[in-house]
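Reckoned from all heavy atoms, side chains included, excluding hydrogens, waters and symmetry mates. Remember, it's a predicted structure, so these values are computed and weren't measured experimentally.
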There are 2 protein chains.
Amino acid sequence: MVMTAQDRLVESTRELLWERGYVGTSPKAIQQRAGVGQGSMYHHFAGKADLALVAVRRTAEDMRAQAEVRLSGPGTAFERISAYLLRERDVLRGCPIGRLTQDPDVVASPTLRAPLAETFAWLRGRLTEVLEEGRARGELVEDLDVSSTAATIVAVLQGGYVLARSAESVDPFLDAVHGVLGLLSAHRRPDAADGS
Amino acid sequence: MVMTAQDRLVESTRELLWERGYVGTSPKAIQQRAGVGQGSMYHHFAGKADLALVAVRRTAEDMRAQAEVRLSGPGTAFERISAYLLRERDVLRGCPIGRLTQDPDVVASPTLRAPLAETFAWLRGRLTEVLEEGRARGELVEDLDVSSTAATIVAVLQGGYVLARSAESVDPFLDAVHGVLGLLSAHRRPDAADGS
DNA sequence: GTCTATAGCGGGATAGAC
DNA sequence: GTCTATCCCGCTATAGAC
């Protein structure tokens, strides 16, 4: 089964938004990468903004699904969070959602910005639940502030990408992730039993 | 004493790079904001890339100076890091250096990328020194990994901006910062004496 | 030093043929 | 559905007058 023109257009838009952002992406570039002509694109989509909206929503969905796999997997809260943070990532490409946060046209449009806000809010909420669960099970100490710690974890990820791209190296990303895991680790109870 | 045309051009470039990034900033926009004509701009600078380089270097200098004030100030290591993280910031505008990290043309140019890499490397190094000092004074526990913790702190800052912009609210930034300070706080020794 | 004129190219979209 | 032609505008820079 072959991809339709619509699908190819959306996929090439997703790639270009990731690589070049919204202001850096032109309809012509989208068409060329998709191997589709002008007429076809404007037949299926109202324009650049319309295509971008579909592309961003799909990317946001993917990101949530990716996270959910690790966060709902087996293991202690700490292990699941580690698995999520250390999962295979194309670090130097950055986060396809986070990067749009720097795009003036995206942030100026409530419609385009909404999927970004929802994704990060969801992710933080999910991490909060995992941490809360770890605390309820006695794996994590009582006085851990789960909600702000969840925000910190998401921020480390996003900031890690920034540092990696500035250095053109994965190292600062990994250091930042290991750093936050080290800090969190001190909040585990030594006699922690996993949720059996 | 009035600002010269050069100065106004560099300042307007700094503002526009902050607001719209490199790909989103045009020479015309720079000239208009500076109140300077085409000829004048191309007389003083070779072009957009040249102006951007001068602007980015100046911004990077400023950022280091701002950080140094807090990090070399009075107080314990924890207090100085808190002061730096919680200093007044225009959070929703984001980091003028960090945002360039998402710009394809900036990252593709070693010359333009260099000031970003240097700034973050310097900042991390400086935070490492402060943490190390805190450990040496007995304020922080021995087994704290100062280098990766420093990377984490820088990442939280950069990621905090991303979250804030996605939500169009300062809250997630503050939560992330308080979260990492909370985590770090657990590594302080209860009988910590500041460096008197 | 600063101005205006001009150039070539690409962005973003519309129109109408096929 | 897809193609080509066309449009208007802005980007980035150069040229040469003042």
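- A side-chain N or O of B/S147 and one of B/R124 form a donor-acceptor pair less than 3.5 Å apart.
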Distance-only check: which donor-acceptor pairs under 3.5 Å involve side-chain atoms of residues 38-45 of chain A, not counting sequence neighbours?
unit_1	atom_1	unit_2	atom_2	d
A/Q38	OE1	A/Q31	NE2	3.4
A/H44	ND1	A/Q6	NE2	3.3

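- Within the cation-pi definition used here (under 6.0 Å to the ring centroid, within 45° of the axis), B/R89 qualifies as a partner of B/Y84.
- Cation-pi geometry between A/R99 and A/W18 is not met: the NZ or CZ atom fails to fall both under 6.0 Å from the ring centre and inside 45° of the normal.
- Taking atom CZ on B/F45 and atom C1' on D/dA13, their separation rounds to 16 Å, with Å as the unit.
- Using a cut-off of 4.0 Å between Lys/Arg side-chain N and Asp/Glu carboxylate O, B/E61 and B/R57 are scored as not salt-bridged.
- Fit an axis to the five pairs at each end of the helix from C/dG1-D/dC18 to C/dC18-D/dG1 and the two axes sit 0° apart, to the nearest 10 degrees.
- With rounding to whole Å, B/D50 atom CG is found 10 Å from D/dA13 atom P.
- Under a 4.0 Å N-O distance rule, the pair A/R58/A/E11 qualifies as a salt bridge.
- For the residue pair B/R113/A/S166, the side-chain donor-acceptor check at 3.5 Å is not satisfied.
- Residue pairs meeting the ring-ring contact (aromatic ring centres under 6.0 Å, His included) criterion with at least one partner in residues 147-176 of chain B, sequence neighbours excluded, are B/Y161-B/F173.
- Sorted by residue number, the members of residues 36-43 of chain A with any non-hydrogen atom under 4.0 Å from DNA chain C read A/Q38, A/Y42.
- To the nearest 0.5 Å, atoms CZ (A/R64) and CG (A/L123) are separated by 10.0 Å.
- Sorted by residue number, the list of members of residues 15-25 of chain B with any non-hydrogen atom under 4.0 Å from DNA chain C is empty.
- Put simply, chain A comes within 4.0 Å of DNA chain C, heavy atom to any atom, from C/dG11 to C/dT14, going 5' to 3'.
- In this model, a donor atom of one side chain and an acceptor atom of the other lie less than 3.5 Å apart for B/R14 and B/T59.
- Between the C1' atom of D/dA5 and the NZ atom of A/K28 lies a distance of 13 Å, rounded to the nearest Å.
- A donor-acceptor pair shorter than 3.5 Å can be found between the side chains of A/S148 and A/D145.
- Screening B/D175, B/L181, B/L174 for a side chain to side chain contact (heavy atoms under 4.5 Å, CB included) involving B/V177 leaves a single residue, B/L181.
- A salt bridge links B/R135 and B/E132; the closest N-O separation between the charged side-chain nitrogens and carboxylate oxygens is under 4.0 Å.
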